[in-house]
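Remarks on the structure that follows.
The figures here come from the full heavy-atom set of this structure, side chains too, leaving out hydrogens, waters and symmetry mates.
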Amino acid sequence: QVQLVESGGGLVQAGGSLRLSCAASGRTFSRLAMGWFRQAPGKEREFVAAISWSDGRTYYADSVKGRFTISRDNAKNTLYLQMNSLKPEDTAVYYCAAGRISYSGSYYYTGAYDYWGQGTQVTVSS
């Protein structure tokens, strides 16, 4: 089993930055693909970014490309999401997810992930 705990959310003005962290339990973290998803009120959960376990390849939603950066520290069992140039439309609950994903096309889908955190709120004011 893997437990995921997000932190780092909060209230920030448009144009500001936040860094989310996701602490993972268990000794298999380095062998898991990791991702960030978000869900705004009344909307479906959507893909934000992901990082592979094998070669560190990263994947981003078009809406965050160039503004957000996903990274991982396997020694600390921690996943990060650096968010810059935040916009009001980035407001959502952000979820960390982990899964044993081997096909690169699967990173974008919630169903590919086996474990989820409880989420952290990010609010961007205009």
Side-chain angles (χ1 to χ4, degrees):
Q1 289 293 327
V2 176
Q3 290 187 325
L4 305 172
V5 179
E6 303 96 334
S7 62
L11 174 64
V12 64
Q13 288 189 331
S17 298
L18 282 175
R19 188 175 83 154
L20 304 184
S21 298
C22 173
S25 66
R27 293 182 289 183
T28 62
F29 177 80
S30 63
R31 302 296 296 267
L32 292 172
M34 301 295 297
W36 288 100
F37 288 75
R38 66 187 181 188
Q39 187 166 18
K43 295 188 177 182
E44 293 187 353
R45 192 169 298 189
E46 65 174 7
F47 171 79
V48 175
I51 185 166
S52 73
W53 69 269
S54 56
D55 57 7
R57 187 170 298 185
T58 57
Y59 306 82
Y60 295 96
D62 288 343
S63 58
V64 307
K65 205 170 290 184
R67 300 188 299 122
F68 290 11
T69 302
I70 188 171
S71 61
R72 64 191 298 164
D73 186 335
N74 289 338
K76 295 182 178 180
N77 277 14
T78 303
L79 176 74
Y80 302 100
L81 184 69
Q82 178 66 43
M83 306 186 295
N84 299 329
S85 302
L86 282 161
K87 305 175 181 180
E89 51 264 44
D90 294 318
T91 295
V93 177
Y94 282 71
Y95 296 91
C96 169
R100 294 173 176 84
I101 301 172
S102 57
Y103 173 54
S104 60
S106 299
Y107 283 106
Y108 305 92
Y109 302 100
T110 58
Y113 296 83
D114 303 301
Y115 308 101
W116 291 85
Q118 82 290 347
T120 185
Q121 177 70 46
V122 171
T123 303
V124 184
S125 64
S126 57

(message) For a 4.5 angstrom cut-off between non-hydrogen side-chain atoms, does Arg38 reach Asp90?
(response) yes

(message) For a quick test of reading the model, state the closest non-hydrogen atom pair linking Arg72 to Trp53 and the distance between them.
(response) NH1-CA, 3.6 Å

(request) Would you check if there is a donor-acceptor pair between the side chains of Ser17 and Asn84 at a distance under 3.5 Å? (result) yes

(request) Over all heavy atoms of both residues, which pair between Ile101 and Ala112 is shortest? Give the atoms and the distance, please. (result) CG1-O, 3.6 Å

(request) Would you name the heavy atoms of Leu79 and Cys96 that are closest together and state the gap between them? (result) CD2-SG, 3.8 Å

(request) Can you see which heavy atom on Ser52 is nearest to which on Asp55, and at what distance? (result) OG-OD1, 2.6 Å

(message) Does Glu89 have more than 12 heavy atoms from other residues, nucleotides or ligands lying within 6.0 Å of its CD?
(response) yes

(request) Using a strict cut-off of less than 4.0 Å between a Lys/Arg side-chain nitrogen and an Asp/Glu carboxylate oxygen, indicate whether Asp62 and Lys65 qualify as a salt bridge. (result) yes

(request) Would you check if Tyr108 and Val48 make a side-chain contact, meaning some heavy-atom pair closer than 4.5 Å? (result) no

(request) Search all heavy atoms of Thr69 against all heavy atoms of Tyr60 and return the closest pair with its distance. (result) CA-OH, 3.3 Å

(message) Any heavy-atom pair between the side chains of Trp36 and Cys22 that's under 4.5 Å?
(response) yes

(message) Check for me whether Arg45 meets the cation-pi criterion with Tyr95, that is, NZ or CZ under 6.0 Å from the six-membered ring centre and within 45 degrees of the ring axis.
(response) yes

(message) For a quick test of reading the model, state the closest non-hydrogen atom pair linking Gly8 to Leu18 and the distance between them.
(response) O-CD2, 3.9 Å

(request) Please answer: with hydrophobic residues joined when any side-chain heavy atoms are less than 4.5 Å apart, are Leu4 and Ile70 in the same cluster? (result) yes

Expected list for residues 113-126: side-chain donor-acceptor pairs under 3.5 angstrom, two or more places apart:
unit_1, atom_1, unit_2, atom_2, d
Tyr113, OH, Tyr107, O, 2.7
Asp114, OD2, Arg100, N, 3.4
Gln118, NE2, Glu6, OE1, 3.4
Thr120, OG1, Gly9, N, 3.3
Gln121, NE2, Ala92, O, 3.4
Gln121, NE2, Thr123, OG1, 3.3

